Amino acid sequence: MLKDELESLLETQKKEWSLLATNYDALSKVERKFFDFGGFIVRVEHNPARVVSSLAKTDAATIAQRKCFLCEANRPKEQEGIEFLGKYHALTNPFPIFPKHFTIADKNHSLQSISASRLLDMLELSAEMEGYVTFYNGPRAGASAPDHFHFQAGNASYLPQPEYLPCDLIGKESFSSGTQREITGWAEDTIAGLKNRQKETEAAPEEEPMMNIFCRYENGKWTMTITGRKKHRPSCFFEDGSLKISPGAVDMTGVIIAARKEDFERITADDIRKIYAEVSLGKL
Ligand SMILES: [Zn+2]
């Protein structure tokens, strides 16, 4: 199973790759606080290692100028990959959020963009990673490499509640089935529905709808969840002296990553409500 291979790779890399070891070590010291929104618990974490991703510029000009960190030629020499489906390299993530956090990157430099075949790959990946949640950050909805296709995977138990539980703060839709055809059919319909609402979002008409996709495989069934996005970053991110919160998929499950200590200390329930109202598309 890919899961077993990745878990053992992670243990090896913790011994051999100092950047990864340091960041995993720091993870055990992450500070947390909790906000209860009528039974839906939002957890805020201060994770300084995430400053690289949270504050990263992801505009086209910046992306075009930097060396892609998911391309094999540019990856740190310590970052070994495990081949998956003949077209991906499954990698350890050296800037973890989850206690075990992996990036599954296409072997080729190809755009972050979802399709029927990518959805099928996501189902295959999830089936190999039982106990994990696999997820996809849209190119303008949290991906820090919008130019290189990748999924991520992290321990499902790390999330305070399953990402598919309904909640008033974050609009999302979920669907469960034991058949691949039903799941991908549902996902394609849901994505088409989001496309119709594109006017309400920052995405241009020709781009894919702004969204995050999650998938889990449990007891022979997949559960896929899609959350539509209005924006990548909330207005507070751009205001002087304000909160630098940059929501990706993980934040849309109710775990807000604060890379800077001052943001972790200052954030309030009202800020959280406002951030989700701005970045979530609401009911799909
Ligand atoms: Zn690349």
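Quantities reported herein were computed from a predicted structural model and do not represent experimental measurements.
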When you check the side-chain N and O atoms of [X] and [Y], is any donor under 3.5 Å from an acceptor?
{"X": "Y132", "Y": "Q152", "answer": "no"}
{"X": "D25", "Y": "T22", "answer": "no"}
{"X": "E173", "Y": "T225", "answer": "no"}

Are [X] and [Y] connected, step by step, through hydrophobic side chains (Ile, Leu, Val, Met, Phe, Trp, Tyr) whose heavy atoms are closer than 4.5 Å?
{"X": "L20", "Y": "V30", "value": "yes"}
{"X": "F84", "Y": "I82", "value": "yes"}
{"X": "F214", "Y": "M210", "value": "no"}
{"X": "F69", "Y": "I104", "value": "no"}
{"X": "L9", "Y": "L70", "value": "no"}

- Note on the structure: Besides F34, the hydrophobic cluster formed by Ile, Leu, Val, Met, Phe, Trp and Tyr side chains linked at under 4.5 Å, directly or via other members, contains I41

- Message: Checking M224 against L123 for the side-chain contact (heavy atoms from CB on, under 4.5 Å) test, could you report, in this order, the C-alpha distance in whole Å, the side-chain angles of both residues, the deciding distance, and whether it holds?
- Response: CA-CA 9 Å; M224 193 172 266; L123 298 184; 3.8 Å; yes

Using modelled atom types and a 3.5 Å cut-off, is there a donor and acceptor pairing between side-chain atoms of [X] and backbone atoms of [Y]?
{"X": "H148", "Y": "D106", "value": "yes"}
{"X": "N93", "Y": "F95", "value": "yes"}
{"X": "S280", "Y": "G282", "value": "yes"}

Rounded to the nearest 0.5 Å, what separates atom [atom1] in [X] from atom [atom2] in [Y]?
{"X": "D251", "Y": "S246", "atom1": "CG", "atom2": "OG", "value": "7.5 Å"}
{"X": "C68", "Y": "H109", "atom1": "SG", "atom2": "NE2", "value": "5.0 Å"}
{"X": "H101", "Y": "T92", "atom1": "NE2", "atom2": "OG1", "value": "10.5 Å"}
{"X": "E188", "Y": "I183", "atom1": "CD", "atom2": "CD1", "value": "12.0 Å"}
{"X": "K15", "Y": "E11", "atom1": "NZ", "atom2": "CD", "value": "6.5 Å"}
{"X": "E7", "Y": "M1", "atom1": "CD", "atom2": "CE", "value": "10.5 Å"}

- Go through the steps to decide whether Q13 and E80 satisfy the test side-chain contact (heavy atoms from CB on, under 4.5 Å), and finish with yes or no. CA-CA 8 Å; Q13 300 228 298; E80 286 170 48; 3.9 Å; yes

pair [X]-[Y]: side-chain heavy atoms closer than 4.5 Å:
{"X": "P96", "Y": "N23", "result": "yes"}
{"X": "I114", "Y": "M211", "result": "yes"}
{"X": "K230", "Y": "E278", "result": "no"}
{"X": "P48", "Y": "K261", "result": "no"}
{"X": "P146", "Y": "R140", "result": "no"}
{"X": "K221", "Y": "N219", "result": "no"}
{"X": "V133", "Y": "C215", "result": "no"}
{"X": "T134", "Y": "R216", "result": "no"}

- Query: With under 30° as parallel and over 60° as perpendicular, where do the rings of Y88 and F149 fit, or are they tilted in between?
  - Reply: tilted

- Is K274 atom NZ crowded by more than 12 heavy atoms from other residues, nucleotides or ligands, each under 6.0 Å away? no

- Message: Around atom CG of D189, are there more than 12 heavy atoms from other residues, nucleotides or ligands closer than 6.0 Å?
- Response: yes

Using a strict threshold of under 4.0 Å (side-chain N to carboxylate O), is an ion pair present between [Y] and [X]?
{"X": "R266", "Y": "E262", "result": "no"}
{"X": "R229", "Y": "E202", "result": "no"}
{"X": "K3", "Y": "E128", "result": "no"}
{"X": "D36", "Y": "R43", "result": "no"}
{"X": "K172", "Y": "E163", "result": "no"}

- Query: Taking only residues two or more places apart in sequence or in another chain, which ones pass side chain to side chain donor-acceptor pair (under 3.5 Å) with E182?
  - Reply: S177

- Task: Only one of R260, K29, K33, R32 passes salt bridge (charged side-chain N to carboxylate O under 4.0 Å, His left out) with E45; say which it is.
- Result: R32

- Query: What's the verdict on side-chain contact (heavy atoms from CB on, under 4.5 Å) for D263 and V44, showing C-alpha distance, side-chain angles and the deciding distance?
  - Reply: CA-CA 10 Å; D263 298 332; V44 182; over 6 Å; no

- Task: Using ring pair (Phe, Tyr, Trp, His ring centres under 6.0 Å) as the criterion, point out the one residue from F151, F102, F98 that pairs with F135.
- Result: F98

- Run the side-chain contact (heavy atoms from CB on, under 4.5 Å) check on I256 and F35 step by step: do they pass? CA-CA 11 Å; I256 294 183; F35 295 85; over 6 Å; no

